[in-house]
Peer 1: 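Got a structure here, written out as structure tokens. Questions coming.
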Amino acid sequence: MFRFTTIKDYHTALQAGSMSCIQAVNYYLDQIARNENLNAFLEVFTEDAKQRAIALDELRARNKSTGESLGKLHGVIVGIKDVLCYQGHKVSAASKILENYTAVYSASAIEKLLAEGAIIIGRQNCDEFAMGSSNENSAYGPVKNGIDPTRVPGGSSGGSAVAVQSDMCMVSLGSDTGGSVRQPADFCGVIGLKPSYGRISRYGLIAYASSFDQIGIFSKSVSDAALVLGVIAGPDEFDSTVSSKAVPSYSNELKKATPKKVAYFKETLSHPGLDQEIKNQTTAYLAQLKGAGYTVEAIDFPLLNYLVPTYYVLTTAEASSNLSRFDGIKFGHRTSQPMADLTDLYKLSRTEGFGAEVQRRILLGTFVLSAGYFDAYFTKAQQVRQQLVDLTNELFNKYDMLVCPTVPTTAFNLGAHHHTATEMFLADIYTVYANLVGIPAISLPLFKHSNGMPFGLQVMSASFNETGLLQFSEALLETKIA
Ligand code: GLN
């Protein structure tokens with residue numbers, strides 16, 4: 001029976017002939033069917049994936065004589081969040097407003113995956129337009145956590161996290177604007193990596209808040225995350241915000257060094273919303289790190305309570321502008337009601353097409369940008385963001401890594417926070433910082449709560465120090481300090 005461990009082991013099995021790409025695809029199609037109740041996939045690209053697997057098996061058979069390159073992700077089975085465009089395939093941002101929309105081009109990250117031989121098995125459920133922390137905002141029903149289906153998987157990339165957790169693909173691509181890769185990774189017990197802002201092209205990623213959005217990776221091993229990042233990172237002429245910095249060979253660097261200077265913000269561990277057991281286990285783990293020869297120091301961070309408000313002012317402002325294109329004329333669902341007036345047509349189309357949370361954020365974003373309130377909210381939030389950037393630069397002059405819990409609680413029950421938006425927003429308290437300042441961050445599945453659910457340690461590093469971040473992560477997961 002096929003058992004996926006790492007891409008490297010899978011490639012060894014393919015080379016030894018004990019496994020083929022089509023066998024792997026069939027295995028995952030079975031797994032997807034078996035776990036249908038979790039609602040992780042909105043669509044499975046069954047025929048596509050099979051055809052591609054057969055072509056890749058043929059390529060491997062003839063490559064021994066022709067020497068054709070197999071690609072770094074040869075036969076790797078990837079799921080993609082329903083916000084990434086894949087030419088000729090539907091993409092809806094889990095929204096009714098884009099129901100039945102077919103992508104006319106592929107995201108640059110998708111092109112890069114395909115160029116290295118990956119097989120895309122389907123598009124994964126998420127919160128509508130990536131807005132949410134529980135996956136309950138999808139227009140196509142919630143995703144359920146595979147460990148306990150009465151609980152949420154986290155969001156917004158819930159389907160992508162559950163697909164890796166419950167063995168429905170090898171790795172997934174999600175998007176992370178304020179924690180949407182790390183938070184569901186934490187709730188599901190897998191690795192979730194959000195690279196630095198500008199490390200991966202956003203071309204073909206449906207925008208939520210463009211100065212925060214970044215494509216991220218779900219995997220079961222640090223080495224797989226490193227390999228996929230190495231493929232999809234790097235310059236792209238279609239995204240002017242992507243960095244032209246050379247992409248290091250993350251995979252080869254993994255074991256070369258271990259960054260040792262670790263800081264944590266005192267306030268993250270004394271926050272009243274933090275679950276007591278998460279606090280205790282995290283604190284004990286930090287002591288063990290110290291014992292293992294790491295420097296671990298507490299530093300003051302008086303701005304913790306400003307993070308979530310700053311994040312929501314800025315992201316809703318950007319969202320209100322990004323989502324204005326979906327008006328039933330330029331893009332998206334158009335009402336079938338006869339309308340004499342253009343404004344009424346826009347209004348009704350958007351009312352029918354957008355769900356409640358998206359509407360709430362468009363209204364909030366429009367408000368903070370409005371003439372009378374712009375300075376009080378938007379400008380103020382920009383100033384806080386700049387302060388955070390300055391503080392972060394200073395911090396990483398002294399330390400290699402910054403750690404804290406990924407989320408203050410473990411996965412909660414479906415429906416638990418439905419009527420309290422602010423409570424739900426607090427699930428993002430530890431994750432939004434990395435997006436506000438653009439640094440790379442990862443959630444590592446290190447812990448288990450007595451309620452049976454996993455939870456993670458979040459590690460952050462200086463902008464574009466993915467190499468150090470991955471080396472540190474590998475050391476923590478491999479040496480099993482705890
Ligand atoms: N939960 C956060 C929000 O709702 C993060 C979303 C994300 O990262 N896409 O905005």
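Numbering of ligands and ligand atoms starts at 1, following listing order. The analysis underlying the following values was restricted to heavy atoms, covering all of them including side chains, and did not include hydrogens, waters or symmetry mates.
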Peer 1: Do the ring planes of Y285 and F447 sit parallel (below 30°), tilted (30 to 60°) or perpendicular (above 60°)?
Peer 2: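 Rings of Y285 and F447: perpendicular, over 60°.
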Peer 1: Quick check: does G179 get an N/O under 3.5 Å from an N/O on ligand 1?
Peer 2: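 Between G179 and ligand 1 (N or O atoms, distance only) the closest approach is under 3.5 Å.
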Peer 1: Which of the atoms of ligand 1 are close to S156, meaning less than 4.0 Å from one of its heavy atoms?
Peer 2: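 Result: 9 (N).
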Peer 1: At under 4.0 Å between heavy atoms, is it the side chain or the backbone of Y208 that contacts ligand 1, or both, or neither?
Peer 2: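 Side chain only; the backbone of Y208 stays clear of ligand 1.
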Peer 1: Give the atom numbers and elements of ligand 1 that come within less than 4.0 Å of a heavy atom of G178.
Peer 2: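 Those atoms are 5 (C), 7 (C), 8 (O).
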Peer 1: Would you please classify the geometry between the Y377 ring and the F367 ring as parallel, tilted or perpendicular, with 30° and 60° separating the classes?
Peer 2: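 Rings of F367 and Y377: tilted, 30 to 60°.
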Peer 1: In terms of atom number and element, which parts of ligand 1 are under 4.0 angstrom from non-hydrogen atoms of D176?
Peer 2: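 Counting atoms of ligand 1 from 1, those under 4.0 Å from D176 are 8 (O).
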Peer 1: In the protein, what heavy atom is nearest to atom 5 (C) of ligand 1, and what distance, to one decimal place, separates them?
Peer 2: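 In this structure, atom 5 (C) of ligand 1 has Y311 OH, 3.4 Å as its nearest protein heavy atom.
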Peer 1: Just by distance, do the side chain of D275 and the backbone of I278 share a donor-acceptor pair under 3.5 Å?
Peer 2: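 A pair under 3.5 Å: yes.
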Peer 1: Could you check atom 6 (C) of ligand 1 against the protein and tell me its nearest heavy-atom contact, residue, atom and distance included?
Peer 2: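 Scanning the protein heavy atoms, the shortest distance from atom 6 (C) of ligand 1 goes to S180 OG, 2.8 Å.
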Peer 1: What part of R361 sits under 4.0 Å from ligand 1 if we count only heavy atoms: the side chain, the backbone, both or neither?
Peer 2: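 Contact part for R361 vs ligand 1: side chain (C-beta onward).
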Peer 1: If you measure from the Lys or Arg side-chain nitrogens to the Asp or Glu carboxylate oxygens, is any gap between E116 and K112 under 4.0 Å?
Peer 2: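 Salt bridge flag = no for K112 with E116.
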Peer 1: Is there a donor-acceptor pair closer than 3.5 Å between any side-chain N or O of D239 and the backbone N or O of R202?
Peer 2: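 Pair found, side chain donor or acceptor close to backbone of R202.
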Peer 1: Donor-acceptor pair, D176 side chain versus I215 backbone, under 3.5 Å?
Peer 2: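 No, because the side chain of D176 does not come within donor-acceptor range (under 3.5 Å) of the backbone of I215.
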Peer 1: Determine yes or no for a side-chain-to-main-chain donor-acceptor pair under 3.5 angstrom, with D224 supplying the side chain and T6 the backbone.
Peer 2: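 Side chain of D224 to backbone of T6, a donor-acceptor pair under 3.5 Å: no, none is there.
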Peer 1: For atom 2 (C) of ligand 1, what's the nearest protein heavy-atom neighbour? Residue, atom name and distance, please.
Peer 2: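 Ranking protein heavy atoms by distance from atom 2 (C) of ligand 1, first comes D428 OD2, 3.2 Å.
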Peer 1: Answer yes or no: does an N/O atom from A130 fall short of 3.5 Å to an N/O atom of ligand 1?
Peer 2: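 By distance alone, the answer is yes.
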Peer 1: So that I can tick it off, tell me whether R350 and D327 are bridged by a salt bridge, with the cut-off set at under 4.0 angstrom between side-chain N and carboxylate O.
Peer 2: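 No, this pair does not count.
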Peer 1: Answer yes or no for F212: is there a heavy-atom contact with ligand 1 below 4.0 Å?
Peer 2: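 In this structure, F212 fails to qualify as a contact of ligand 1 - no heavy atom is under 4.0 Å.
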